[in-house]
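Below is one structure; the comments refer to it alone.
Bear in mind that the values here come from a model prediction, so they are computed numbers and not experimental data.
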Amino acid sequence: MEKIKMTTPLVEMDGDEMTRILWKMIKDELILPYVDLKTEYYDLGLPKRDATEDKITVEAAEATKRLGVAVKCATITPNAKRMDEYKLHQMWKSPNGTIRSILDGTVFRTPITIPSIKPVVKNWEQPITIARHAYGDVYKSVELRVPEAGVAKLVFDGESGKHEEVVIHNFKGAGVLQGMHNLDKSITSFAHSCFKYALDTNKDLWFATKDTISKKYDGQFREIFEKVYEENYKAEFEKRGLEYFYTLIDDAVARVIRSKGGYIWACKNYDGDVMSDMISTAFGSLAMMTSVLVSPEGNYEYEAAHGTVTRHYYKYLKGEETSTNPIATIFAWSGALRKRGEKDGLKDLMNYADQLEGACFDTLNDGIATKDLVNLMEGITPKQVNSKQFIAAIRERLEKRLA
C-alpha cells in the first residue's frame with residue numbers, strides 16, 4: 001500500500017532503557033511501513049542530556065510550542081545511583097518537569113481498559129481520568145544540604161521594595177532544605193483546562209489539595225479553582241447536571257476507592273504523579289495508561305505514563321527475553337499522529353491512528369498479551385508472548401484492518 005503522507009512534522013523525543021528499545025521496535029514494525037513519517041528528532045536519552053547540559057530538553061519543548069504536537073518516550077530522572085552509573089556531570093532535573101514548565105499545561109491520564117481485565121477496585125465501572133498540574137512543586141524546587149546548626153529563612157524581595165521573610169527552622173545540626181513555588185497564572189490555566197476538559201467529556205470534576213495544612217500554597221489552588229468555576233463554568237455545569245467539588249487529598253482517596261469511577265480527578269503536580277500510578281495499576285497495568293500534556297495554546301505532547309522499565313532493560317542487556325508491555329507507548333504514537341492529522345486535516349492519518357489502536361485491542365481481546373497482563377485476564381485463555389512477538393501480533397491485525 002502507498003504510505004500515508006504527512007505535511008507537518010511531529011516532535012519526536014527519544015528516551016531511555018527498555019522503552020527506548022520498544023520505541024524503535026514500534027517505529028520499525030507499526031509506523032514506518034505504513035506512514036511516510038516526518039519528525040523533528042530530539043534524543044532525550046540521559047547520555048545526550050548530560051552531554052548537552054540538558055539544553056536538548058529545552059530545545060525539544062520549544063519545538064513542541066513551534067510545531068504543536070510531540071510524542072515522547074519515557075526518560076530517566078537521575079538519582080545518586082544514576083549519577084555513578086552514567087557518570088553524569090550533575091543530577092539533572094526531570095525532563096518531564098522541564099517540558100511541562102515550558103509548555104505550562106495540564107497532563108490528562110486515562111487507563112486503557114479491556115473487557116477481560118476487571119479493576120482491582122470491584123465497584124469501579126468506568127475509567128478515572130487524572131488531571132495533573134504540569135508546573136512547579138517539587139519538579140521546579142531548589143534544594144540545599146544544611147551542613148551545620150543555623151537559621152533557615154524564606155525571603156522575598158519585591159521589585160517595589162517590599163521585603164518579607166519568615167523563619168523556616170532553627171537547625172540544631174545538619175539537615176536538608178527544599179523550596180517550592182507556583183504561579184497564579186499557571187494555576188489559573190490548570191483550572192481552565194480541567195473545567196474545559198470536564199465539559200468536553202461531560203464528566204464530573206473533583207479537585208483535591210491539603211489546604212488545612214498548607215494554608216497559603218494549597219489554599220491558593222483552592223481559591224483560584226473556586227473563582228474560575230464561579231465566574232466561567234458554574235452555569236454550564238449546573239445546566240448539564242455535572243458536579244464540581246473540592247475536598248482534601250486524603251478524603252479524595254477514600255472517595256475514589258468507594259466510587260464507581262467515570263470522573264476527572266484534578267491533582268497538583270506530585271499528587272497527580274502518584275495517583276495516576278495508583279489508578280493505572282488498579283485498572284490493570286502501568287503500561288495501560290495514556291498521558292497527554294495540553295498547553296493553554298493548544299499544543300499537545302503525548303507519552304506513556306510509566307517509566308523506562310529498568311529491570312527489563314538489564315535483562316535485555318544480558319540477552320534475556322523480556323515480555324514488556326508496549327501498549328501505552330503505542331498509544332502515545334497513535335495519539336500524536338491522530339492529533340497531527342486533526343490539525344493538518346489529514347483524514348488518512350487520523351484513520352491510521354484509530355486502526356493502530358484497534359489492532360492493539362484486537363490482539364488483547366484475542367488473548368495475546370505480555371506478562372504483566374496475563375494473570376489479570378478473566379473469561380479467556382491468554383497466551384503470554386515476548387515484546388517482539390506481541391508487536392508482531394499487533395502488526396498482523398493492523399495489516400488486516402488497513403487492507
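Looking at I117 and L373, their side chains come closer than 4.5 Å, going by heavy atoms from C-beta outward. Residues F108 and L293 fail the side-chain proximity criterion, which asks for heavy atoms closer than 4.5 Å. Contact check for M6 versus L337: side-chain heavy atoms found under the 4.5 Å cut-off. Using a 4.5 Å cut-off on side-chain heavy atoms (C-beta onward), M288 and S280 make no contact. Side-chain contact between K268 and N182: absent, with no pair of heavy atoms (C-beta onward) separated by less than 4.5 Å. Contact annotation: the side chain of N79 never approaches that of M83 to less than 4.5 Å [non-hydrogen atoms, C-beta and beyond]. Between T19 and H306 there is a side-chain heavy-atom pair separated by less than 4.5 Å. Taking 4.5 Å as the limit, some side-chain heavy atom of T77 sits within range of a side-chain heavy atom of P95.
Each salt bridge (charged side-chain N to carboxylate O under 4.0 Å, His left out) pair with one or both residues in residues 368-392, not counting sequence neighbours, would appear here, but there are none. For residues 138-149, the side chain to side chain donor-acceptor pair (under 3.5 Å) pairs, not counting sequence neighbours, are R132-Y139, Y139-D273, E143-Q178. Note on residues 69-102: no pairs pass ring pair (Phe, Tyr, Trp, His ring centres under 6.0 Å), not counting sequence neighbours. The stretch residues 121-131 participates, sequence neighbours left out, in these side chain to side chain donor-acceptor pair (under 3.5 Å) pairs: T110-T129. Sorted by first then second residue, the salt bridge (charged side-chain N to carboxylate O under 4.0 Å, His left out) pairs that include residues 81-108, not counting sequence neighbours, are E17-R82, R82-E85, R100-E303, D104-K185. Within the structure, side chain to side chain donor-acceptor pair (under 3.5 Å) pairs that include any residue of residues 187-200 comprise H192-Y233 (at least two apart or interchain).
The pair E342-R338 fails the salt-bridge criterion, with no side-chain N (NZ, NE, NH1 or NH2) lying under 4.0 Å from an Asp/Glu carboxylate O. Ion pair D14/K72 not flagged as a salt bridge, since none of the NZ, NE, NH1 or NH2 atoms sits closer than 4.0 Å to an Asp/Glu carboxylate oxygen. Contact check on K48 versus D54 returns no salt bridge, with no Lys/Arg side-chain nitrogen under 4.0 Å from an Asp/Glu carboxylate oxygen. D16 and R49 are joined by a salt bridge, as a carboxylate oxygen and a charged side-chain nitrogen come within less than 4.0 angstrom of each other. Salt bridge R395/E29: present, at least one basic N to carboxylate O contact under 4.0 Å.
Between N269 atom CG and N96 atom CG the span is 10.0 Å, to the nearest 0.5 Å. Summarising the geometry, atom OG1 belonging to T247 is positioned 9.0 Å from atom CH2 belonging to W206; distances are rounded to the nearest 0.5 Å. Note: K210 NZ to K215 NZ = 10.0 Å, rounded to the nearest 0.5 Å. The CZ atom of R397 sits 4.5 Å away from the OG1 atom of T363 when rounded to the nearest 0.5 Å. I249 contributes atom CD1, which lies 4.5 Å from atom SG of C267 (distance to the nearest 0.5 angstrom). Rounding to the nearest 0.5 angstrom, the gap separating the CE atom in M18 from the CG atom in L317 is 9.0 Å.
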Side-chain polar contacts of residues 164-176 - donor-acceptor pairs under 3.5 angstrom, sequence neighbours left out - could you list them?
unit_1	atom_1	unit_2	atom_2	d
E165	OE1	H163	NE2	3.0
E165	OE2	K153	NZ	3.1

Can I get a per-line list of side-chain donor-acceptor pairs under 3.5 Å for residues 329-336, giving both atom names and the distance, sequence neighbours left out?
unit_1	atom_1	unit_2	atom_2	d
S334	OG	I330	O	3.4
S334	OG	F331	O	3.1
S334	OG	E357	OE2	2.6

message: Please evaluate residues R240 and E236 with respect to the criterion salt bridge (Lys or Arg N to Asp or Glu O under 4.0 Å), reporting the C-alpha separation (whole Å), side-chain torsions for both, the decisive distance (0.1 Å), and the verdict.
response: CA-CA 6 Å; R240 298 196 195 181; E236 186 62 25; 2.9 Å; yes

message: Please evaluate residues F207 and F245 with respect to the criterion ring pair (Phe, Tyr, Trp, His ring centres under 6.0 Å), reporting the C-alpha separation (whole Å), side-chain torsions for both, the decisive distance (0.1 Å), and the verdict.
response: CA-CA 6 Å; F207 178 51; F245 74 91; over 10 Å; no

task: Tell me, with the steps shown, if N386 and S323 meet side chain to side chain donor-acceptor pair (under 3.5 Å).
output: CA-CA 4 Å; N386 62 34; S323 183; over 6 Å; no

- request: Would you sort out whether K227 and E223 count as a salt bridge (Lys or Arg N to Asp or Glu O under 4.0 Å), showing the intermediate values?
  value: CA-CA 6 Å; K227 185 174 187 291; E223 289 178 13; over 6 Å; no

- request: Verify salt bridge (Lys or Arg N to Asp or Glu O under 4.0 Å) between E321 and K315, making sure each step is shown before the conclusion.
  value: CA-CA 7 Å; E321 185 178 280; K315 290 179 65 177; over 6 Å; no

message: Under the criterion side-chain contact (heavy atoms from CB on, under 4.5 Å), I'd like the reasoning laid out for L10 against E40: C-alpha separation, chi angles, the key distance, then a yes or no.
response: CA-CA 6 Å; L10 294 172; E40 196 168 293; over 6 Å; no

- request: Show your working on salt bridge (Lys or Arg N to Asp or Glu O under 4.0 Å) between D362 and K400 and close with a plain yes or no.
  value: CA-CA 11 Å; D362 292 344; K400 289 179 180 177; over 6 Å; no

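The 12-atom threshold is exceeded at CG of D157, counting heavy atoms of other residues, nucleotides or ligands nearer than 6.0 Å.
Side-chain atoms of D344 do not come within 3.5 Å of backbone N or O of L346 as any donor-acceptor pair. Not one N or O on the side chain of N351 forms a donor-acceptor pair closer than 3.5 Å with the backbone of K347. Without hydrogens or angle criteria, S101 side chain to G97 main chain gives a donor-acceptor distance under 3.5 Å. Side chain of T322 to main chain of H312: no donor-acceptor pair is present (N/O by atom type, distance under 3.5 Å, no hydrogens or angles).
Using a 3.5 Å distance cut-off with no hydrogens or angles, the side chains of N299 and T64 do not pair a donor with an acceptor. No hydrogens or angles considered: a donor-acceptor pair under 3.5 Å links the side chains of Y246 and T209. Side-chain contact of D211 with Y217: a donor-acceptor pair under 3.5 Å is absent, judged by distance alone.
Ring geometry for H133 versus F190: interplanar angle under 30°, hence parallel rather than tilted (30 to 60°).
Ring centroids of F237 and Y244 are separated by 6.0 Å or more, keeping the two rings apart.
Shown are V35, L398, L402; of these, the side chain to side chain contact (heavy atoms under 4.5 Å, CB included) with L356 is made only by L398.
In this structure, Y270 has no side-chain hydrogen bond (donor to acceptor under 3.5 Å, both in side chains) partners at least two apart in sequence or on a different chain. Remark: S259 engages Y263 in a side-chain hydrogen bond (donor to acceptor under 3.5 Å, both in side chains) (not counting sequence neighbours). Applying the side-chain hydrogen bond (donor to acceptor under 3.5 Å, both in side chains) rule to K24 yields the partners D28; only residues at least two apart in sequence or on another chain are considered. Under the side chain to side chain contact (heavy atoms under 4.5 Å, CB included) criterion, S160 pairs with K162, not counting sequence neighbours.
When all heavy atoms of A191 and F225 are compared, the pair lying nearest together is CA-CZ, 3.6 Å.
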